[in-house]
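Reviewing the structure listed below.
Letters A, B, ... mirror the listed sequences (proteins, then strands); counts begin at 1. Remember, it's a predicted structure, so these values are computed and weren't measured experimentally.
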Number of protein chains: 2
Amino acid sequence: MPTAASSPAPRRGRGRPSRPVLTADGITTEAVALLEERGQDGLTMAALARRLGVAPSALYNHVATKQDVLRAVQDDVNRGIDCSGFGRLPWDAALADWARSYRDAYERHPALVPVMAVTPVRSAPHTVEMYERVSSGLLAAGWPAHLVTNVVVAVESFVLGSALDTEAPADIFDPGDLAASAPGVTTANAARPEGDTARAAFELGLSALLTGLRGLLAAPG
Amino acid sequence: MPTAASSPAPRRGRGRPSRPVLTADGITTEAVALLEERGQDGLTMAALARRLGVAPSALYNHVATKQDVLRAVQDDVNRGIDCSGFGRLPWDAALADWARSYRDAYERHPALVPVMAVTPVRSAPHTVEMYERVSSGLLAAGWPAHLVTNVVVAVESFVLGSALDTEAPADIFDPGDLAASAPGVTTANAARPEGDTARAAFELGLSALLTGLRGLLAAPG
DNA sequence: ACCTGAACACCGTTCAAGT
DNA sequence: ACCTGAACACCGTTCAAGT
């Protein structure tokens with residue numbers, strides 16, 4: 001029975017257990033599960049502790065803050081992002097696959113988007129590994145070193161913004177009472193094909209971004 | 001003395017005031033100021049009420065939730081975004097100016113990024129006006145109606161992701177102890193020019209995105 | 001209708017006491 | 001070292017009571 005067992009019986013003893021009942025990895029695993037099941041607001045230190053069969057204060061023997069938990073969760077999410085195209089496919093196809101996988105991962109965890117944008121990569125091993133595959137792939141494909149990080153950040157910014165956009169309600173652009181003063185919005189809305197509109201906008205932007213990047217690599221300066 | 005006066009003397013009377021002391025606009029104005037002065041965590045209903053010289057519960061006669069306050073603040077921020085290029089400049093130059101102004105506005109208010117991505121535009125008049133200028137500008141420039149909203153959303157996703165990126169610490173990509181396993185990241189970091197790196201990545205991405213969009217408009221399908 | 005003040009059901013976090 | 005349970009300083013929000 002791994003630490004991931006749900007709803008373990010609460011400990012009744014008063015003092016230090018003979019063997020530790022918590023580990024950093026176990027906390028992270030349960031935090032990911034909790035985030036997946038109950039969403040952003042469901043991930044509280046109290047709920048996490050209950051899942052682990054422990055008092056909330058016990059968590060603080062293993063993590064300093066809730067932000068620590070979020071950082072660990074985020075590194076775990078990044079572990080699942082597919083970077084396998086680099087070195088196997090042309091750089092632009094690899095970058096496109098990475099961007100799609102990256103967006104899919106954060107579509108499932110939009111609450112982590114602001115965390116990802118701001119958290120240093122050190123002590124986040126899977127995150128470092130992801131960036132290493134992308135950066136070394138771009139370098140090997142002939143991208144000038146001084147542009148590589150900017151390319152990565154530009155694509156990442158688009159991906160994270162697009163991940164937030166997947167949360168938008170379908171009628172976000174419906175001007176309601178203000179329709180009379182917004183004929184252009186109304187026309188554009190009416191002509192927009194139905195279906196997965198967030199994905200359509202993402203694919204359009206990704207395609208445009210890659211076209212521009214190919215041009216930049218071909219004619220630098 | 002407008003409602004924006006700071007630290008008014010608290011009312012001491014017990015019942016309904018002879019004239020209302022709060023208005024929706026006054027609440028929004030003070031909320032913007034509070035967000036600007038104290039940042040995301042500083043904008044609490046208690047702090048907002050104190051600034052307005054009122055008990056926290058009084059706010060609930062004018063707004064239903066704190067989310068309401070955030071939505072109003074956000075519409076106010078959108079009022080300041082420059083859309084003046086549309087109809088005056090070529091569509092791509094107008095779109096670039098809009099994107100820069102949009103990013104600048106949310107760089108000052110990164111906490112509003114997740115709100116913006118998700119909030120319906122109805123009952124947000126300045127936001128509708130912004131989208132109207134952009135949409136009608138693209139339509140007038142010859143963009144097919146069925147692509148206009150996707151273009152807007154794609155650029156917006158890039159802008160909002162880039163706004164979050166401005167919050168990142170300068171050493172976010174420093175692999176620390178993991179440097180030995182990340183030679184590509186280390187090389188790219190070392191070669192990246194110093195200065196406003198977030199802006200450099202934004203300008204690179206914006207340029208690439210616009211190049212791709214120009215190509216798409218020229219050769220649709 | 002629109003305010004006050006008390007109350008409710010939470011938060012994340014700290015800390016003394018236990019083993 | 002690593003747990004419990006009580007406590008602290010907050011949150012956003014509700015609601016009866018006042019005018």
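A perpendicular orientation is assigned to the rings of B:Tyr131 and A:Phe173, their planes being inclined by more than 60° (bins at 30° and 60°).
When the nucleotides D:dA1, D:dT19, D:dG5 are ranked by their closest atom to the side chain of A:Ala55, D:dG5 comes out on top.
None of A:Thr166, A:Leu164, A:Asn78, A:Val159 except one satisfies the side-chain contact (heavy atoms from CB on, under 4.5 Å) rule with A:Tyr106; the exception is A:Asn78.
Of the charged side-chain nitrogens involved, at least one lies within less than 4.0 Å of a carboxylate oxygen, so that A:Asp104 and A:Arg199 count as a salt-bridged pair. A:Glu203 and A:Arg100 are joined by a salt bridge, as a carboxylate oxygen and a charged side-chain nitrogen come within less than 4.0 angstrom of each other.
Put simply, A:His62 has a side-chain N or O that comes within less than 4.0 Å of OP1 or OP2 on D:dC3.
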* Asked: In the 5'-to-3' direction, what one-character label does each nucleotide of nucleotides 9-16 of chain D receive under the scheme B = base within less than 4.0 Å of a protein heavy atom, S = sugar-phosphate only, - = no such atom?
  -> --SSBBB-
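Between the C1' atom of D:dC2 and the CG atom of A:Asn61 lies a distance of 5 Å, rounded to the nearest Å. Between A:Arg50 atom CZ and D:dT4 atom C1' the separation is 16 Å, expressed in whole Å.
B:Ala117 and A:Ile172 get closest at one heavy-atom pair: O-CD1, 3.5 Å. Residue B:Ser101 comes nearest to B:Asp82 through the heavy atom pair OG-N, 2.8 Å, listed as atom of the first residue, atom of the second, then distance.
No hydrogens or angles considered: a donor-acceptor pair under 3.5 Å links the side chains of B:Glu36 and B:His109. Of the N and O atoms on the side chains of B:Thr23 and B:Asp25, not one donor lies less than 3.5 Å from an acceptor on the other residue.
DNA chain D contains the following stems of three or more consecutive Watson-Crick or G-U pairs, with both distances under 3.5 Å: C:4-8 with D:12-16, C:12-16 with D:4-8.
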